[in-house]
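Below is one structure, written out as structure tokens; the observations come after it.
Since the model is a prediction, treat every value here as computed from it, not as a measurement. We name chains A, B, ... by the order of the sequence lines, and we start the count at 1 in each one.
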Number of protein chains: 2
Amino acid sequence: MMDVAILAGVSHQTVSRVVNALPGVKPTTRVRVLAAIEQLGYRRNSAARALVTGRSQTLGVVTLNSTLYGPASTLYGIEQAALESKYFVTVASLRSTERPAVRQAIGRLVDQGVEGVVIIAPLVALAEALADLPTDLPIVAVEGDADADIDVVTVGQDAGAHAATAHLLSLGHQTVWHVAGPTDWLEARQRTAGWRRTLEEAGAEVPPPLPGDWSARSGYDAGRVLARMPDVTAIFAANDSMAVGIMRAFHEAGRPIPGAVSLVGFDDVPEAAYYSPPLTTIRQDFGEVGRRSLALLLDQIEAGSRPAQRHVVETTLVVRDSTASTPAAGQPRRRRPSR
Amino acid sequence: MMDVAILAGVSHQTVSRVVNALPGVKPTTRVRVLAAIEQLGYRRNSAARALVTGRSQTLGVVTLNSTLYGPASTLYGIEQAALESKYFVTVASLRSTERPAVRQAIGRLVDQGVEGVVIIAPLVALAEALADLPTDLPIVAVEGDADADIDVVTVGQDAGAHAATAHLLSLGHQTVWHVAGPTDWLEARQRTAGWRRTLEEAGAEVPPPLPGDWSARSGYDAGRVLARMPDVTAIFAANDSMAVGIMRAFHEAGRPIPGAVSLVGFDDVPEAAYYSPPLTTIRQDFGEVGRRSLALLLDQIEAGSRPAQRHVVETTLVVRDSTASTPAAGQPRRRRPSR
DNA sequence: CGGGATCGCGTGAACGCTAACATTTCGAGA
DNA sequence: TCTCGAAATGTTAGCGTTCACGCGATCCCG
């Protein structure tokens with residue numbers, strides 16, 4: 001910066017004013033400084049700036065497994081929104097779902113000097129892990145516990161699960177079976193709860209949910225069990241990947257979907273419209289989740305402490321071909337993928 | 001730090017020595033300092049440290065669309081490896097595939113003070129964009145151009161495409177059709193090239209490749225075209241998502257896979273084993289790509305300038321049920337997903 | 001028992017920038 | 001022409017570390 005100042009024949013402070021676009025610099029000197037900057041290829045040192053201003057222009061994102069469609073999409077949404085607001089995003093992946101792992105990840109980010117953190121780790125254990133955290137650190141939890149005293153952006157899991165279950169019931173199914181996600185994920189619990197509530201309200205029998213871990217493999221395992229049970233006519237899978245496994249298992253068992261069994265997934269991954277059959281599912285707007293999270297986080301950073309807020313991003317039921325009315329209406333509809 | 005020093009009755013420099021685990025501190029004073037740190041909840045300021053050391057402990061990752069399975073997995077691999085080496089990872093997504101967008105993204109990261117950059121943006125335009133970059137910035141390109149004078153970690157696209165095509169030919173197919181990825185992606189070009197080479201070497205006819213954009217939708221569109229052509233018996237899709245769309249189109253057309261047509265994908269996404277039919281595909285080890293990229297980058301940072309290196313991560317052909325010998329051998333095999 | 005090597009720790013400066021204040025320059029009105 | 005205030009620019013200090021020294025205490029060996 002000093003070099004630029006000398007070359008432009010001004011003081012370093014004036015250079016600072018120019019690079020920060022502060023007022024009070026005569027246009028002629030401004031261009032002179034700009035020219036010097038250009039000539040020397042000067043870039044301001046962010047570390048020095050962060051040191052003196054106390055702001056790093058960096059946000060942290062803690063994510064459990066950024067390979068899954070949901071977290072990856074949310075991360076993408078956050079990053080795009082951060083770009084708009086001139087913030088950087090640094091990521092920290094969790095190695096386990098244990099409480100110390102969460103603390104450690106956040107600790108790492110704090111050490112690096114992030115101004116705030118978004119946690120995309122919808123774990124039950126998270127609420128506890130957040131308890132013993134520096135309270136002055138702005139935090140937003142995606143899919144976090146509503147009871148915790150922090151900002152939360154959440155997807156309408158309950159409403160989504162309700163929509164899925166009600167859709168199946170409205171098609172005439174006596175009840176709906178459920179292949180659940182891992183029980184230490186809040187989303188999984190909420191989807192299960194929404195499913196159960198809907199069945200109870202409809203006076204339908206509530207069969208035991210089958211355990212899954214989001215993977216197609218676990219869906220397949222659950223599907224093999226369900227395919228052996230002749231009275232199963234409707235299934236709500238807690239995500240699309242498991243639905244794929246279920247479809248596979250039923251295909252192998254010779255029980256057509258939706259001919260014999262109707263199936264609803266959750267997520268609406270980009271491929272969902274092209275599965276065989278095209279999958280009826282609950283669409284989540286992950287991009288919106290990312291944007292809202294960031295907005296909330298920036299608001300906290302600006303405004304300082306304030307009452308915790310809670311945003312809900314609603315889901316959409318996307319009806320495709322994996323659901324049909326019962327009793328099986330003869331030949332399955334065959335139509336082109338809708339989307 | 002000064003507060004800690006005073007509380008422990010030492011100088012700030014001794015505190016620095018303790019937090020950096022440098023030798024030359026008597027064990028008794030070390031514990032005293034540690035106690036003071038604990039008591040005051042001291043954390044060292046990374047900005048100050050970065051300012052004086054000139055090292056930010058931060059790496060940048062430029063990615064095109066971190067929602068796709070490949071980039072997301074690679075990013076995950078890089079982050080995990082960076083964690084091992086005590087580095088942070090900040091991400092910068094590209095908004096377009098244009099050359100200035102790449103420069104801008106890297107510029108952003110440099111402004112933030114990253115020590116090196118991994119570019120996961122296998123674009124043809126990338127090689128050019130890299131040309132006018134600060135040469136002293138350590139860079140590794142994932143799937144970058146081999147001709148460029150930078151480190152490259154690449155997947156054996158050509159070998160993978162060869163394996164896929166040769167597998168189909170070995171099953172007795174006269175030739176293999178190809179649904180390609182976007183032409184501005186290097187990977188897409190290389191897969192197409194490997195496919196073409198294999199056909200030519202085998203003396204098979206080379207049909208025109210159909211264009212795609214990685215999405216299931218584009219695969220479906222291509223599949224609808226191919227399904228109308230009775231002489232098509234084997235297809236190589238440039239990724240698994242497009243293969244899903246192709247499967248859908250053939251299903252609708254009443255042409256069974258693998259009964260009438262054999263299909264091979266590329267990537268081996270986690271769901272591939274559970275599609276209907278389970279998809280024969282080329283597995284890519286994205287985690288390994290991430291690890292290697294990071295190793296190369298750290299090596300550059302340590303060693304300074306050195307001749308550009310080139311690493312190839314090989315692929316594996318995973319044979320499942322979407323491929324069969326021709327002429328169609330009657331009933332398709334039905335077996336449980338392998339994986 | 002003396003002297004040099006080693007150990008343990010402290011002092012001062014510097015990293016590159018911005019905030020706060022001080023100073024100069026300039027134009028307008030009396 | 002002089003005065004005065006606003007605009008433009010400069011000066012100084014300090015952000016929290018680490019680095020390069022320096023200095024006294026301790027140790028070992030002849």
(request) Please report the shortest heavy-atom distance between B/Trp214 and B/Gly181, naming the atom on each side. (result) CZ3-CA, 3.8 Å

(message) For residues 105-116 of chain B, which residue pairs pass the side chain to side chain donor-acceptor pair (under 3.5 Å) check, not counting sequence neighbours?
(response) A/Arg43-B/Asp111, A/Thr58-B/Gln112, B/Arg55-B/Glu115, B/Tyr87-B/Glu115

(request) Mark yes or no for whether A/Asp213, through its side chain, and A/Pro182, through its backbone, hold a donor-acceptor pair below 3.5 Å. (result) no

(request) Enumerate the residues from residues 23-34 of chain A whose closest heavy atom to DNA chain D is under 4.0 Å, giving them by residue number; use none for an empty result. (result) A/Gly24, A/Val25, A/Lys26, A/Thr29

(request) Measure the distance from CE on B/Met1 to C1' on C/dG10 and round it to the nearest whole Å. (result) 14 Å

(request) Could you tell me which non-hydrogen atom of B/Ala50 sits nearest to which non-hydrogen atom of B/Ser56, and how far apart they are? (result) CB-CA, 4.1 Å

(request) Examine B/Phe286 together with B/Tyr76 and report whether their ring centres are nearer than 6.0 Å. (result) no

(request) Apply salt bridge (charged side-chain N to carboxylate O under 4.0 Å, His left out) to B/Asp3 and list each qualifying residue two or more places apart in sequence or on a separate chain. (result) none

(message) List the residues meeting salt bridge (charged side-chain N to carboxylate O under 4.0 Å, His left out) with A/Glu143, not counting sequence neighbours, and say none if there are none.
(response) none

(message) Once side chain to side chain contact (heavy atoms under 4.5 Å, CB included) is applied, do any residues pair with B/Val18, and if so which ones, sequence neighbours excluded?
(response) B/Val25, B/Arg30, B/Val33, B/Leu34

(request) With B/Pro122 as reference, evaluate B/Glu187, B/Gln190, B/Arg189 under the side-chain contact (heavy atoms from CB on, under 4.5 Å) test and give the passing residue. (result) B/Glu187

(message) Just to be sure I follow the notation: if a pair is Watson-Crick (purine N1 to pyrimidine N3 plus N6-O4 or O6-N4) or a G-U wobble (N1-O2 and O6-N3), each under 3.5 Å, what dot-bracket string does DNA chain D give, with | for pairs to another strand?
(response) ||||||||||||||||||||||||||||||

Dump every N/O contact between nucleotides 20-24 of chain C and the protein below 3.5 Å, one line per pair.
{"from": "C/dA20", "atom 1": "N6", "to": "A/Gln13", "atom 2": "NE2", "distance (Å)": "2.9"}

(request) Kindly write out the residues that satisfy salt bridge (charged side-chain N to carboxylate O under 4.0 Å, His left out) with A/Arg95, not counting sequence neighbours, or none if the list is empty. (result) B/Glu84

(message) I'd like to know if the side chain of B/Arg32 and the backbone of B/Ala8 have a donor-acceptor N/O pair within less than 3.5 Å.
(response) yes

(request) Could you tell me which residues satisfy salt bridge (charged side-chain N to carboxylate O under 4.0 Å, His left out) with B/Arg292, sequence neighbours excluded, listed by chain and number? (result) B/Glu288

(message) So, does A/Ser16 get its side chain near the phosphate of C/dT18, meaning an N or O under 4.0 Å from OP1 or OP2?
(response) yes

(request) Mind checking A/Ser11 for me? I need base, sugar-phosphate or nothing, with any heavy atom below 4.0 Å counting as a touch. (result) base

(request) Just jot down the ring pair (Phe, Tyr, Trp, His ring centres under 6.0 Å) partners of B/Phe88, sequence neighbours excluded, or say none. (result) none

(message) Using a strict heavy-atom distance below 4.0 Å, which residues from residues 47-56 of chain A are in contact with DNA chain C?
(response) A/Ala48, A/Arg49, A/Leu51, A/Val52, A/Thr53

(request) Work out which heavy atom in A/Thr74 is nearest to a heavy atom in A/Val289; give both atom names and the distance. (result) CG2-CG1, 3.9 Å

(message) For chain A and DNA chain D, what are the first and last nucleotides along the strand, 5' to 3', with at least one atom under 4.0 angstrom from a heavy atom of the protein chain?
(response) D/dA8 to D/dG16

(request) Please name the residue in the list A/Ile78, A/Val140, A/Leu64 that meets the side-chain contact (heavy atoms from CB on, under 4.5 Å) test with A/Ile120. (result) A/Ile78

